[in-house]
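Structure, as structure tokens:
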Number of protein chains: 2
Amino acid sequence: METPHHCQMCLSHQKSTFSDLSNDAKDELSRLKTCVSFRKGQVIIHEGARPQGVYCIHRGKVKLYTMGTEGKEQIIRFITNGELIGYRSLLSDEAISASATALEDTFACYIPKSSFFKVIEENPKFSLKLLKMSCHELGEAGKMITSLAQKNVKERLAEILLILRATFGEDEEGYLDISLTREEIANMVGTATESVIRLISELKKEGYISSKGKRIAVSDRSALQQIANIFE
Amino acid sequence: METPHHCQMCLSHQKSTFSDLSNDAKDELSRLKTCVSFRKGQVIIHEGARPQGVYCIHRGKVKLYTMGTEGKEQIIRFITNGELIGYRSLLSDEAISASATALEDTFACYIPKSSFFKVIEENPKFSLKLLKMSCHELGEAGKMITSLAQKNVKERLAEILLILRATFGEDEEGYLDISLTREEIANMVGTATESVIRLISELKKEGYISSKGKRIAVSDRSALQQIANIFE
DNA sequence: GGCAAGCAATGACTTTTATCATATCTTTGA
DNA sequence: TCAAAGATATGATAAAAGTCATTGCTTGCC
């Protein structure tokens with residue numbers, strides 16, 4: 001695909017992981033990067049492979065997931081504007097532990113391994129930022145582990161709906177600005193598709209959410225927080 | 001408690017996170033650190049607090065856990081010789097997300113926040129090592145998430161037993177060199193204590209493990225791998 | 001516009017896991 | 001060394017979640 005026009009500015013994108021770099025460093029990165037795009041459903045990186053670079057999402061939505069037993073996807077988290085894909089395995093020097101697939105048409109920069117490491121070595125502050133990011137993710141992963149281990153399916157579903165709302169926000173009509181199948185929701189919650197469908201119906205009857213086709217709207221946030229046992 | 005003799009050398013301990021530092025840097029750290037020790041059962045850092053430094057375990061075994069609903073512990077991972085406690089929240093500048101408690105008498109160095117950051121800033125290689133560490137942990141956390149979400153209790157128990165064996169090794173008699181109650185094992189596996197007890201009995205009957213009191217020995221590793229769906 | 005494919009919804013039933021109750025074994029400390 | 005506390009073991013039962021089968025709804029495509 002050709003270089004899209006908006007890619008010229010993507011490193012400076014406000015939320016980009018690279019946004020704090022000096023102009024010099026950004027200029028250099030711009031020379032080294034490639035602009036790429038992925039259609040909805042396209043795999044960006046694949047579990048088990050050895051990464052040769054990182055992707056910085058400029059615009060789009062991506063799911064990060066591992067394949068569990070019986071080929072069932074487990075969605076670990078979502079990646080959106082400004083965030084990186086593939087840095088984990090590059091930095092830990094391991095095979096890619098989670099595949100990434102575009103949930104909608106997605107535009108990204110590709111930065112080759114060597115350039116990425118060069119930026120890290122020459123910009124201690126950037127390196128520290130990555131460290132901060134990965135440590136934050138570690139905390140989030142810990143929370144997810146505790147939820148999966150201790151909460152029941154309904155509690156987890158309520159939690160995930162709140163996470164989706166916080167991550168992707170709402171459209172003009174109040175629906176979550178992300179389109180997921182019930183199966184994908186089940187693959188985040190860690191349960192069977194039918195269970196998610198049943199519980200979504202239940203939450204709807206109780207008046208805490210509404211839905212139309214695959215689109216879901218959170219109508220009572222604090223009720224969901226209570227169901228999910230989130231006190232904040 | 002007084003400075004134990006062996007603490008003189010703890011930074012140079014072969015497996016220590018700090019072992020690759022230059023001698024100068026290690027000397028400086030030695031002046032800044034304090035040696036501390038914890039009795040079995042003592043809390044080292046507490047969820048929700050703001051950390052003022054990191055601990056580097058010289059000798060001992062520590063569990064890292066978050067408190068879930070109803071005050072139930074969820075053990076995230078174990079920390080042992082050479083590994084750090086508290087670096088995650090220090091680096092992400094967040095409250096401590098997981099408590100740490102000594103599983104046996106434990107000796108550690110305490111490095112104040114300012115000194116820790118000084119080492120990071122002055123030693124890019126060390127910073128990169130931390131980055132590598134945290135990225136590795138992220139991968140491990142992802143695996144744990146997938147297991148909890150997709151495997152049943154018996155599969156997860158088999159997996160945890162293998163992890164314990166890999167982490168702590170065996171004593172002269174072949175027992176896992178870590179003493180955990182059935183409740184603690186349940187708090188790793190993410191299930192009820194009774195379920196763990198039942199399944200340990202089952203694995204014993206099937207001849208894959210043996211046990212004597214709380215001590216457990218893995219007798220058929222590949223059978224456990226098969227049960228846990230681990231192919232490596 | 002209509003048809004096929006994929007997705008969502010729901011009921012019936014099974015399996016897994018949790019909970020409660022109680023008994024027995026280990027450990028620890030006076 | 002013995003008693004009490006704490007841990008382990010096991011059975012009975014209940015609750016939660018998974019699986020299978022079927023129907024109906026959306027959506028996208030010719």
Donor-acceptor pairs under 3.5 angstrom involving side-chain atoms of residues 186-204 of chain A: please list them, not counting sequence neighbours.
unit_1: S201(A); atom_1: OG; unit_2: I197(A); atom_2: O; d: 3.1
unit_1: E202(A); atom_1: OE2; unit_2: K154(A); atom_2: NZ; d: 2.9
unit_1: K204(A); atom_1: NZ; unit_2: S211(A); atom_2: OG; d: 3.0

Among residues at least two apart in sequence or on other chains, which ones pass side chain to side chain donor-acceptor pair (under 3.5 Å) with [X]?
| X | result |
| --- | --- |
| D220(B) | S222(B) |
| E155(A) | N229(A) |
| K151(A) | E159(A) |

Original post:
First and last nucleotide of DNA chain D touching chain A, 5' to 3', heavy-atom cut-off 4.0 Å?
Top reply: dA17(D) to dC20(D)
Subject >> E104(A) atom CD, neighbour heavy-atom count above 12 within 6.0 Å >> reply: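 Correct, the count exceeds 12.
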Subject >> Heavy atoms from other residues, nucleotides or ligands near CD of Q226(B) exceed 12 (cutoff 6.0 Å) >> reply: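 No, CD of Q226(B) has 12 or fewer neighbouring heavy atoms, counting only those of other groups under 6.0 Å.
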Distance, nearest 0.5 Å, that separates [atom1] of [X] from [atom2] of [Y]:
| X | Y | atom1 | atom2 | value |
| --- | --- | --- | --- | --- |
| I96(B) | I44(B) | CD1 | CD1 | 11.0 Å |
| E140(B) | S97(A) | CD | OG | 9.0 Å |
| E73(B) | M67(B) | CD | CE | 5.0 Å |
| S92(A) | Y87(A) | OG | OH | 10.5 Å |

Original post:
Which residues satisfy the ring pair (Phe, Tyr, Trp, His ring centres under 6.0 Å) test with Y175(B), sequence neighbours excluded?
Top reply: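 With neighbours one apart ignored, the set is empty.
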**OP:** Pull out every residue in residues 192-203 of chain B that has a heavy atom closer than 4.0 Å to any atom of DNA chain D, ordered by number, or say none.
**Re:** E194(B), I197(B), R198(B), S201(B)
Subject >> Contacting residues from residues 181-189 of chain A, given that a heavy atom lies under 4.0 angstrom of DNA chain C >> reply: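 Heavy-atom cutoff 4.0 Å gives T181(A), R182(A).
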Subject >> Axis-to-axis angle between the two ends of the helix from dG1(C)-dC30(D) to dA30(C)-dT1(D) (five base pairs per end, rounded to 10 degrees) >> reply: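 Axis angle across the helix from dG1(C)-dC30(D) to dA30(C)-dT1(D), nearest 10°: 40°.
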Subject >> Summary of ring-ring contact (aromatic ring centres under 6.0 Å, His included) pairs that have at least one residue in residues 134-172 of chain A, sequence neighbours excluded >> reply: F78(A)-F168(A)
Subject >> Contact list for residues 188-228 of chain A, test ring-ring contact (aromatic ring centres under 6.0 Å, His included), sequence neighbours left out >> reply: none
**OP:** Walk me through it: do E137(A) and R77(A) pass the test salt bridge (Lys or Arg N to Asp or Glu O under 4.0 Å)?
**Re:** CA-CA 10 Å; E137(A) 286 309 319; R77(A) 65 189 197 95; 3.4 Å; yes
Original post:
Under the salt bridge (Lys or Arg N to Asp or Glu O under 4.0 Å) criterion, do K40(A) and D105(A) qualify, and how do the steps go?
Top reply: CA-CA 5 Å; K40(A) 179 177 174 170; D105(A) 291 356; over 6 Å; no
**OP:** Between A149(A) and K205(A), name the one whose nearest nucleotide on DNA chain C is closer to the 5' end.
**Re:** K205(A)
Original post:
First contact, last contact: which nucleotides of DNA chain C are these for chain B, 5' to 3', heavy-atom distance under 4.0 Å?
Top reply: dT17(C) to dC20(C)
